[in-house]
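In the text below, chain A, chain B and the rest are named by the order of the sequence lines, each starting its count at 1.
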Amino acid sequence: MQAPDGILCAKTHEYLLQKDSVYKFGITDYAVEQLGDIVFVEMPEVGTEFEKGEILGTIESVKAASELYMPANGKIVEINETLIDNPELVNNSPYEDGWIVKIETEDEKALNALMEYEDYQEFIEE
Amino acid sequence: MENLKKTPLFDEHIKLNAKIVPFAGCQMPIQYTGIIDEHKAVRENVGIFDVSHMGEFFVEGEDSLALLQKIVPQDISKLSLSKAVYCQLTNKNGGIIDDLIIYKLDDEKYLLIVNASRIDEDFNWIVSNKDNLNVDIKNASDDYAMIALQGKYSAKIIEETGLSEDNQPKRFSIKETRIDSIDVFVARTGYTGEDGFEIIASTDNIVYLWNKFLEIGSKYNIKPIGLGARDTLRLEAGMLLYGQDIDENTTPIEASLNWSVPKDKIEDYNGKNAISSQINNGTDKKLIGIKMIDRAIPRHDYEIYFNGKEVGKVTSGGVAPSLNANIAMGYVNNSLNFSTGDKINIKIRNKFYSAEIVRMPFLKYLR
């Protein structure tokens, strides 16, 4: 799977992708591959503020429930409501239709600490 | 994974791009194409499973029946030739050492299929019950491998291997026969809730049979099925998983397996006093079926609440791909006298989600 340019990845396998003034948040293709069939995504309410490292939601595959971690201090400005009825979009299209929430953040320090996709590839191969 | 056993079909799983995980000391396929896809293949067409990790014991000799009567609550004296019966090995307290299927091969010979994780435990226990009985107990688990064919086209596939419909074993029966001159046991049993077969053959011949079934099955859209879908299929069918839903601290009565414990069995068996007392006086806990009302997925170890109080725990739970529902089973405090339709709550990540008690098997009552 081709990841879009400019993607930033966390060690916990979430990604951020800047779109205008906000960041799309989702899970990487590697995470999708590891989890298998996604059957449920629990998302926070719009407007909730989280600190970096806090649990913002949960993604559930047939096998297990996995927590989603906030990659930077910020605020949830939109959730992907289509995932409520179609969680499999995360499997089919993790970087486009399967984005999970949109985040507003000015946490440059945390953003700089995220990995570019190439470095992330090296990280997961380790 | 170096110290783990491989089944004789391991290389076939790799060829089929299986994702491999350790299970019961064995390297087993958890999925090939995806759990939901595989699950639906079994419900709609047919699936093939490697279940070679499971254990095969032969009990043979003039006192075979006497030994079996001692070790399971089921009444094996009522088992007809070539029939199969689901039962439990119970300890002195009525706790379940394992659950198994006993097949009657002839009056003095029985085949026992046991769980992979319990092979040694079971074998030692059965041998310790032998006393002076004239019976030979053989653990043949390393000599035999097993394939399950499950789903509505499984009988067609068996037919095309040369076993006409009239010659196939009926539901819950077994037949010793040959497929392409290979000696096999063909049993009409399974762990999915569908019509299906379990084929037991020597480890040397199992790769040949696997590929033969796959080849014949291709016109029925057969798919190889991993442990992931095996779990969702058995959960929908309301079948218990040893080590998760039942163990030595649960009895067949607590596990709602009363249908497999005849009240009128004359012979004594391990745990009979405890089990009889539970039949007559009831139990402290009872396994129930649960269907979520709210949108949330119940899973192993989640707490069950009723009127704001914790009353039990989920033992198995998850999505039911063929029922469009999220389901679970678990033990609840039996003094509350729960019945079908009662509303309960499941605590998931510190929030309470509404659910109701439903009859099992889910597949029968919710489909």
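For a residue to count as touching a neighbouring chain, one of its non-hydrogen atoms must lie under 4.5 Å from one of that chain's; by this rule A/Ile55 does not touch chain B. Looking at A/Ser61, the atoms closer than 4.5 Å to chain B (heavy atoms on both sides) all sit in the backbone: N, CA, C or O. In this structure, the portions of A/Glu33 lying under 4.5 Å from any heavy atom of chain B include both its backbone and its side chain. Neither the backbone nor the side chain of A/Glu67 comes within less than 4.5 Å of any heavy atom of chain B.
Annotation: B/Gln244, atom CD; neighbour count of heavy atoms from other residues, nucleotides and ligands within 6.0 Å is above 12. Within a 6.0 Å radius of CD in A/Glu96, other residues, nucleotides and ligands contribute 12 heavy atoms or fewer. By the 6.0 Å contact criterion, CG on A/Asn112 is enclosed, its count of non-hydrogen atoms from other residues, nucleotides or ligands being greater than 12. For B/Lys343, the NZ atom is densely surrounded, since the number of other residues' heavy atoms within 6.0 Å is greater than 12. Other residues, nucleotides and ligands place no more than 12 heavy atoms under 6.0 Å from the CD atom of A/Glu106.
Counting heavy-atom pairs under 4.5 Å between each of B/Gln31, B/His39, B/Lys19 and chain A puts B/Lys19 at the top.
You'll find the side chain of B/Leu227 stays beyond 4.5 Å of the side chain of A/Lys63, heavy atoms only.
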Practice task
Let me see the working for A/Ile84 and B/Arg295 under side-chain contact (heavy atoms from CB on, under 4.5 Å), right down to the final yes or no.
Solution key: CA-CA 10 Å; A/Ile84 296 167; B/Arg295 202 188 283 233; 4.0 Å; yes
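Residues of residues 299-319 of chain B lying under 4.5 angstrom from chain A, judged on non-hydrogen atoms, are B/Arg299, B/Tyr302, B/Val319 in numerical order. Contact annotation for residues 344-367 of chain B against chain A (heavy-atom separation below 4.5 Å, listed by residue number): B/Arg349, B/Lys351, B/Tyr353.
Listed here is the closest heavy atom pair of B/Ile35 and A/Asp37: N-OD2, 3.1 Å.
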